[in-house]
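Here's the structure we're looking at; comments come further down.
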Amino acid sequence: MELGMRPIGYWVKELDGRLERGFERELGDVTRREWQVLNALPGDTGPFDGAEALRSVRQRGWVEGDRLTPDGERARAELGARVARVRQAVTDGISEEDYLTTVRTLERMVRNLAQE
């Protein structure tokens with residue numbers, strides 16, 4: 001590691017915080033977790049705790065059972081465009097190859113620690 005270079009934990013935490021703030025700006029009163037649940041339906045609502053977010057999107061009238069309502073479909077399309085702007089900002093100047101290498105490396109690190 002280069003002298004003065006911050007460790008990976010710093011960058012992972014910093015990136016997560018900036019992602020949260022970026023989603024807050026783009027999604028307004030919809031949380032990142034609500035978006036993740038809305039985007040995953042029908043199907044798996046993810047490895048995160050999605051119960052509260054699922055309740056929230058149901059209260060908004062976007063979900064009935066495990067299916068999106070017509071309002072939910074419209075919300076997902078509109079929010080999807082906003083999320084795409086965040087994703088574009090995150091990956092600006094990063095090649096697809098570098099992005100995939102980063103994701104694969106982080107995934108491997110998670111697996112390494114899951115073996116403990």
Side-chain angles (χ1 to χ4, degrees):
M1 181 181 342
E2 294 178 31
L3 287 178
M5 180 181 247
R6 294 183 189 226
I8 194 163
Y10 170 86
W11 292 113
V12 168
K13 189 172 184 174
E14 183 70 18
L15 177 59
D16 186 59
R18 289 180 186 235
L19 282 168
E20 285 293 334
R21 290 187 295 278
F23 279 107
E24 286 173 5
R25 280 190 305 275
E26 280 295 330
L27 300 180
D29 69 337
V30 177
T31 69
R32 183 177 174 192
R33 301 300 174 260
E34 289 168 338
W35 158 252
Q36 289 170 329
V37 167
L38 190 67
N39 192 48
L41 289 173
D44 183 13
T45 56
F48 52 88
D49 180 13
E52 180 61 34
L54 184 56
R55 275 193 295 279
S56 180
V57 294
R58 282 188 174 132
Q59 289 174 342
R60 291 174 185 269
W62 293 346
V63 174
E64 283 183 9
D66 67 346
R67 302 261 180 230
L68 295 176
T69 64
D71 284 346
E73 292 284 355
R74 282 189 292 278
R76 180 165 59 181
E78 178 189 326
L79 294 168
R82 295 179 189 180
V83 167
R85 287 194 293 264
V86 175
R87 289 179 178 157
Q88 179 60 44
V90 169
T91 59
D92 187 39
I94 300 171
S95 71
E96 184 175 349
E97 181 182 349
D98 284 349
Y99 177 82
L100 291 173
T101 297
T102 301
V103 171
R104 287 181 185 127
T105 301
L106 290 170
E107 180 182 18
R108 179 57 195 233
M109 289 175 168
V110 168
R111 281 196 200 133
N112 289 346
L113 292 175
Q115 296 173 10
E116 292 182 342

Measuring only between side-chain heavy atoms, which start at C-beta, is [X] closer than 4.5 Å to [Y]?
X    : Y    : value
R108 : R104 : no
E96  : L100 : yes
L38  : L79  : yes
V57  : L54  : yes
N39  : R76  : yes

NZ/NE/NH1/NH2 to OD/OE distance under 4.0 Å, [X] and [Y]:
X   : Y   : result
D16 : R21 : no
E52 : R33 : no
R58 : E64 : no
R18 : E14 : yes

**Asked** Which is it for E78 and R74 under the salt bridge (charged side-chain N to carboxylate O under 4.0 Å, His left out) test, yes or no, and what are the steps along the way?
**Response** CA-CA 6 Å; E78 178 189 326; R74 282 189 292 278; over 6 Å; no
**Asked** Looking only at heavy atoms, which two atoms of E26 and V86 are closest? And how far apart?
**Response**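 Here E26 and V86 meet closest at CG-CG2, 3.4 Å.
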**Asked** What heavy-atom pair brings A53 and V37 nearest, and what distance separates the two atoms?
**Response**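 The answer is CB-CG2, 3.8 Å.
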State the [atom1]-[atom2] distance between [X] and [Y], to the nearest 0.5 angstrom.
X   : Y   : atom1 : atom2 : answer
R67 : L41 : CZ    : CG    : 9.0 Å
L27 : E20 : CG    : CD    : 10.0 Å
R87 : L19 : CZ    : CG    : 10.0 Å
I94 : D92 : CD1   : CG    : 8.0 Å

**Request:** Show your working on side-chain contact (heavy atoms from CB on, under 4.5 Å) between R60 and D29 and close with a plain yes or no.
**Result:** CA-CA 11 Å; R60 291 174 185 269; D29 69 337; 3.5 Å; yes
In terms of hydrophobic clustering (I, L, V, M, F, W, Y; side-chain heavy atoms under 4.5 Å; direct or indirect links), are [X] and [Y] co-clustered?
X    : Y    : result
W11  : V90  : no
L106 : V103 : no
Y99  : I8   : no

**Prompt:** Is a side-chain donor-acceptor pair under 3.5 Å present for S56 with E34?
**Reply:**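 Distance-only check passes for E34 and S56.
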